[in-house]
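Below is one structure, written out as structure tokens, with a few remarks after it.
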Amino acid sequence: MSAPKAPVQRADFDQVMVPNYAPAAFIPVRGAGSRVWDQSGRELIDFAGGIAVNVLGHAHPALVSALTEQANKLWHVSNVFTNEPALRLAHKLVDATFAERAFFCNSGAEANEAAFKLARRVAHDRFGPEKHEIIATVNSFHGRTLFTVSVGGQPKYSDGFGPKITGISHVPYNDLEALKAQISDKTCAVVIEPIQGESGVVPADKAYLEGARKLCDEHNALLIFDEVQTGVGRTGSLFAYQHYGVIPDILSSAKSLGGGFPIGAMLTTEALAKHLAVGTHGTTYGGNPLACAVANAVLDVVNTPEVLAGVKAKHERFKARLEKIGQQYGLFSQVRGIGLLIGCVLTEAWKGKAKDVFNAAEKEGLMVLQAGPDVVRFAPSLVVEDADIDEGLDRFERAAAALTKA
Ligand SMILES: *Cc1c(COP(=O)(O)O)cnc(C)c1O
């Protein structure tokens, strides 16, 4: 028997937590599928998915079973030893993708940190220290470590922490001419989100990614796809690069990979991987048996024709209704995105008010996301039931009605 737990409430957050977040007024305590309950027993439908993480909803039986089975066996051994779940997961990712080698870590930022360090290392080994520049895109998001905020380049995340990592430039997204003008023989890598997630759910044009691939090849630069948000079934393909048919040299994954258990992965080829020789990079928890056991179960469920085809069907269901609601209430000028990463662009009249939409939805018992101030984002479970989609969008329509009437 465990000791009784002290009661806590939202107000405690301001007393005991570092104030870098502003969480909602209620505290979720339990979830099942696409439903969540708060402390008062109020039920909400979850179209936020823990920011594109809860890929199979809450408490999916296959994940609960994988986690508890592993919890009774072996939690952690460190990288002084390898472990069975990590090796199985690496095999699965290698079999399912362009990659020949996997590196495991604990978050998206860490996966990108590894990707950027690998790119710099490869260039350093092959061409010398001059070739260290990274080209990223304007409004990109790659995580919150110092290296990753520097690459992301958004001042709101990167300014005010002293000197940044240097050798990084930013070109407008989906603008091949701008990339062509910037890339040089000093470029070691170009990093692109196949869909810009945090800054508005902006899908790349196929020709842009194809052109970036070609430019990288011409300049001996590596193409890195940050698939932290787009990976693991989100687009209806296992990874977005497969949807586009453009193969990167390095791919970062996290978020959906663990379905709610923290894990990140960097995938690459054998020829590149060998530049991270013993001792060059590492992490204590990366490839932890618990995390890898869960990620194995995630891939077993997600990487099936039924689930991936379901994502495409559910996209249509969301899109048709959201466009209708958007038009009826003059709320959205566009509904964009691929698969179950959907962004609703607010009309001029509602520009900057994504937070108001979030609040109105919450009042109706619905969890949605923002992607910047001008876009309402949906990143639900890939196996969200059609009945939950319909009920959730009914709630969303009520929220839209209340908001636009007020
Ligand atoms: C969320 C996100 C990250 C950062 O992942 P963390 O797990 O928060 O470190 C990096 N890149 C993209 C595209 C993301 O959406």
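Owing to the predicted nature of the structure, the values given are computational and were not obtained by experimental measurement. Each ligand, and each atom within it, is numbered from 1 in the order the structure gives.
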**Request:** Evaluate whether atom CD of Glu362 has more than 12 neighbouring non-hydrogen atoms of other residues, nucleotides or ligands under 6.0 angstrom away.
**Result:** yes
**Request:** Would you mind checking if Lys274 and Glu270 are paired as a salt bridge, meaning a charged N to carboxylate O distance below 4.0 Å?
**Result:** no
**Message:** I'd like to know if Arg395 and Asp388 make a salt bridge, using a cut-off of under 4.0 Å between side-chain N and carboxylate O.
**Reply:** no
**Request:** Answer yes or no: does an N/O atom from Phe141 fall short of 3.5 Å to an N/O atom of ligand 1?
**Result:** yes
**Asked** Taking non-hydrogen atoms only, is Glu193 closer than 4.0 angstrom to ligand 1 via side chain, backbone, both or neither?
**Response** side chain
**Message:** If the threshold is 4.0 Å, N to carboxylate O, is there a salt bridge linking Lys214 and Glu210?
**Reply:** no
**Request:** For His142, counting its heavy atoms only, list the atoms of ligand 1 lying under 4.0 Å from any of them.
**Result:** 10 (C), 11 (N)
**Prompt:** Do you know which two heavy atoms are closest between Met266 and Ala111, and how far apart they sit?
**Reply:** CB-O, 4.1 Å
**Prompt:** With a 4.0 Å cut-off, strictly under, does atom 5 (O) of ligand 1 pick up any protein heavy atom?
**Reply:** yes
**Residues Lys92, Asp300: salt bridge by 4.0 Å N-O rule** = yes
**Asked** Short N/O distance, under 3.5 Å, between Gly108 and ligand 1?
**Response** yes
**Asked** Distance from Glu113 atom CD to His281 atom NE2, nearest 0.5 Å?
**Response** 6.5 Å
**Gln229, any N or O under 3.5 Å of ligand 1 N or O** = yes
**Prompt:** What atoms in ligand 1 come closer than 4.0 Å to a heavy atom of Ala109?
**Reply:** 4 (C), 5 (O), 6 (P), 9 (O)
**Prompt:** Going by the atom numbers of ligand 1, which of them fall below 4.0 Å from some non-hydrogen atom of Ser107?
**Reply:** 7 (O), 9 (O)
**Nearest neighbour in protein (non-hydrogen) for atom 11 (N) of ligand 1** = Asp226 OD2, 2.7 Å
**Prompt:** Which residue owns the protein heavy atom closest to atom 2 (C) of ligand 1, what's the atom, and how far is it?
**Reply:** Lys255 NZ, 2.6 Å
